[in-house]
Trainee: 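First the structure, which I've put down as structure tokens, then a few questions once you've had a look.
Counting from 1, the numbers follow the sequence of the chain as shown.
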Amino acid sequence: MRRTLPWATVVALVAAAVAWRPGSAPGSGVVEAPASAGTNAVVATPSVPAAPAAVGRGPATARSLAAARVALPPSLADVEIDGAIRFDADGRLVTDASLRRLYDFLLTTLGEQDLATIRGQLRAIALAAGDEAQAQAVLDTFERYLGYLQATDDITTPDIAGRLDALASLRRSWLGESMAAGFFGAEERYARATLARDAVLEDASLSPAEREAALDEIDATLDPRLVIGRERALAHLDVVAETEAFEVLDVDATTRFEQRAAQYGVAAAERLETLDSERAVWSDRVDRYFTERERIDAARLGIEDRAAAIAALEADFTAAERRRLAALERIRDGG
């Protein structure tokens, strides 16, 4: 029986799921699946080794989705579809992280379109990769995944470790061991490794050498790409915090460059200097925009005149920049 999910539940869960891509190598882009004989990848997929594919209809990539008559909502008009459908050498569905990403990608549109529409899109994509029976396997697996997502509403444990345990149990109950491991295995290992690292870092009884050895032992259990990605993310946070400190203290450009060059190297310092300049230009444009908006609002123009004045003001911004302005305006208005 099909079950309808609370919209807020799916959006919250899927937002986190889409942001998490343990299979992607840091710095690797999204590329199309290789168009070799027997490949059943349906959509764009990260450049990591794929599961064995069966001889079938050949590749069905993002470019061929139009032939599958998959019409996505306007919010995804310029977004490359993420995830893939694959079948093994015996024609069985491979329930791996790329399949979960495809489910999550489609579910991000819930609210903009209903589940019936999403099911239809998924069926069309699945038929581009396999036959009717294989497409039905994709849909049946999707229903089990929906059931799991809805069941997470019942988890109320505030403790992080307890929630991880509850989620792991729920996943295996709804999805089975193989599917749960394929969908969430890497994520679960990383989460538990993170908790273990936190415990080591908080253990005051360890010497610096013992702490470093314990952290290395934990990292050895993870995909090296995840470790590299974490270190890069932490380094990025350090740069962001340092830049914010520079702004608060009004540190001049020369001092910023010298400190960054000493810490990150000259090339990185030059890139950060360019970003500082771009941020300064953007900040000035935003300030001028809101000053002019306030002037327009104060003029108490008619509806048409006000709309024309705002349209003229926004003409100097790209579509992406206008979305940023709208977000900033909501923040300013406390929304």
Trainee: Just checking, any donor-acceptor pair under 3.5 angstrom between side chains of D159 and T157?
Mentor: no
Trainee: At what distance, to the nearest 0.5 angstrom, does CZ of R295 lie from CG of D297?
Mentor: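 Those atoms lie 10.0 Å apart.
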Trainee: Could you check if a side-chain atom of F257 sits within less than 4.5 angstrom of a side-chain atom of L272, using non-hydrogen atoms only?
Mentor: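 When only atoms from C-beta onward are counted, L272 and F257 do not touch, as no gap falls below 4.5 Å.
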Trainee: Are W174 and L139 connected in the hydrophobic side-chain network, where two residues link if heavy atoms are under 4.5 Å apart?
Mentor: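 W174 clusters together with L139.
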Trainee: Heavy atoms, side chains only, cut-off 4.5 Å: are R324 and F317 in contact?
Mentor: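 Result no, sub-4.5 Å side-chain heavy-atom pair not found.
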Trainee: Say whether, by atom type as modelled, one donor and one acceptor occur between the side chain of T255 and the main chain of V251 under 3.5 angstrom.
Mentor: no
Trainee: Distance alone, cut at 3.5 Å: any donor-acceptor contact between the side chains of R189 and T221?
Mentor: no
Trainee: Taking R172 first and then E188, would you say they form a salt bridge - that is, a charged N and a carboxylate O separated by under 4.0 Å?
Mentor: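 Looking at R172 and E188, the cut-off is met.
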Trainee: Over all heavy atoms of both residues, which pair between L167 and I155 is shortest? Give the atoms and the distance, please.
Mentor: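 L167 and I155 have their closest heavy atoms at CD2-CD1, 3.5 Å.
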Trainee: Test your reading of the model: is there a side-chain donor-acceptor pair from E329 to the backbone of A326, 3.5 Å cut-off?
Mentor: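 Between the backbone of A326 and the side chain of E329 there is no qualifying donor-acceptor contact (under 3.5 Å).
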Trainee: Quick check for you: to the nearest 0.5 Å, what is the distance between I296 atom CD1 and F290 atom CZ?
Mentor: 12.0 Å
Trainee: Test your reading of the model: is there a side-chain donor-acceptor pair from S169 to the backbone of A166, 3.5 Å cut-off?
Mentor: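 No, because the side chain of S169 does not come within donor-acceptor range (under 3.5 Å) of the backbone of A166.
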Trainee: Can a donor-acceptor pair be found, under 3.5 Å and without considering hydrogens, that links the side chain of T109 to the backbone of E112?
Mentor: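 The answer is no, because no donor-acceptor pair under 3.5 Å joins these two groups.
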Trainee: Nearest 0.5 Å, please: how far is CG in D305 from CD1 in I310?
Mentor: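 If I round to the nearest 0.5 Å, the distance is 11.5 Å.
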Trainee: Checking D203 against E210 for the side-chain contact (heavy atoms from CB on, under 4.5 Å) test, could you report, in this order, the C-alpha distance in whole Å, the side-chain angles of both residues, the deciding distance, and whether it holds?
Mentor: CA-CA 10 Å; D203 189 346; E210 290 171 333; over 6 Å; no
Trainee: Less than 4.5 Å apart, side chain to side chain, heavy atoms only: is that true for D198 and T194?
Mentor: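 A side-chain contact exists here, since the closest heavy-atom pair is under 4.5 Å.
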Trainee: Could you tell me the separation between the CZ atom of F87 and the CG atom of D131, rounded to the nearest 0.5 Å?
Mentor: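 It comes to 7.5 Å.
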Trainee: Could you tell me which non-hydrogen atom of F142 sits nearest to which non-hydrogen atom of R119, and how far apart they are?
Mentor: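 Smallest heavy-atom distance, with atoms named: CE2-CG, 4.1 Å.
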Trainee: So, Y145 versus F183, ring centres under 6.0 angstrom or not?
Mentor: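 Judged by ring-centre distance (under 6.0 Å), Y145 and F183 do meet the cut-off.
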Trainee: Could you tell me whether the side chain of L107 reaches within less than 4.5 Å of the side chain of L146, counting heavy atoms only?
Mentor: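 Yes - at least one pair of side-chain heavy atoms lies under 4.5 Å apart.
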Trainee: Compare every heavy atom of T141 with every heavy atom of M179, then report the nearest pair and how far apart it is.
Mentor: CE-CG2, 3.0 Å
Trainee: State, with a plain yes or no, whether a side-chain heavy atom of L201 is found less than 4.5 Å away from one of L215.
Mentor: yes
Trainee: When rounded to the nearest 0.5 angstrom, what is the spacing between CZ in F105 and OG in S98?
Mentor: 14.0 Å
Trainee: For D284 and R288, run salt bridge (charged side-chain N to carboxylate O under 4.0 Å, His left out): C-alpha distance rounded to whole Å, both residues' side-chain angles, the deciding distance at 0.1 Å, then the answer.
Mentor: CA-CA 6 Å; D284 288 342; R288 290 196 300 271; 5.1 Å; no
Trainee: Hey, does S283 have a side-chain heavy atom less than 4.5 Å from the side chain of D287?
Mentor: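 The answer is yes; the side chains approach within 4.5 Å.
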Trainee: Might you point out which heavy atoms bring R211 and V200 nearest each other, and give the distance in Å?
Mentor: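 Shortest heavy-atom contact: NE-O, 3.5 Å.
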Trainee: Checking D165 now: which residues fulfil salt bridge (Lys or Arg N to Asp or Glu O under 4.0 Å) with it, not counting sequence neighbours?
Mentor: R192
Trainee: Mind checking the CD1-CG spacing from I125 to L106? Nearest 0.5 Å is all I need.
Mentor: 5.0 Å
Trainee: Salt bridge or not for R144 and D140, using N-O below 4.0 Å?
Mentor: no
Trainee: For residues A129 and I85, report the shortest heavy-atom separation together with the two atoms involved.
Mentor: CB-CG2, 4.5 Å
Trainee: Could I get the full list of salt bridge (Lys or Arg N to Asp or Glu O under 4.0 Å) partners for E258, not counting sequence neighbours?
Mentor: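 E258 satisfies salt bridge (Lys or Arg N to Asp or Glu O under 4.0 Å) with no residue once adjacent residues are dropped.
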Trainee: Please assess Q113 against Q121 for the test side chain to side chain donor-acceptor pair (under 3.5 Å), listing each intermediate value before the final yes or no.
Mentor: CA-CA 11 Å; Q113 53 185 10; Q121 293 164 343; 2.9 Å; yes
Trainee: Which residues pass the side chain to side chain donor-acceptor pair (under 3.5 Å) test with E217, sequence neighbours left out?
Mentor: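 E217 satisfies side chain to side chain donor-acceptor pair (under 3.5 Å) with no residue once adjacent residues are dropped.
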Trainee: Looking at residues at least two apart in the chain, or sitting in another chain, which of them share a salt bridge (Lys or Arg N to Asp or Glu O under 4.0 Å) with E304?
Mentor: none
Trainee: Which atom pair, heavy atoms only, marks the closest approach of Q134 to G91?
Mentor: NE2-O, 3.0 Å
Trainee: My understanding is that only one of E292, R285, R293 makes a side chain to side chain donor-acceptor pair (under 3.5 Å) with Y289; could you say which?
Mentor: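 Of E292, R285, R293, side chain to side chain donor-acceptor pair (under 3.5 Å) with Y289 is met by R293 alone.
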Trainee: In the hydrophobic clustering (ILVMFWY, side-chain contacts below 4.5 Å, transitive), which residues join I160, or is it alone?
Mentor: L164, L195
Trainee: Flag the pair E187 and R100 as a salt bridge only when some basic side-chain nitrogen lies within less than 4.0 angstrom of an acidic carboxylate oxygen.
Mentor: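 The answer is yes: the pair qualifies as a salt bridge.
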Trainee: Does any pair with a residue in residues 259-280 pass salt bridge (Lys or Arg N to Asp or Glu O under 4.0 Å), and if so which ones, sequence neighbours excluded?
Mentor: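 Found R256-D276, R260-D276, D276-R279.
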Trainee: Centre-to-centre under 6.0 Å for F184 and Y190, is that the case here?
Mentor: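 Centroid distance F184-Y190: not below 6.0 Å, so no.
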Trainee: Would the distance check show the side chain of D96 and the main-chain N or O of L99 forming a donor-acceptor pair, the cut-off being under 3.5 Å?
Mentor: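 Yes.
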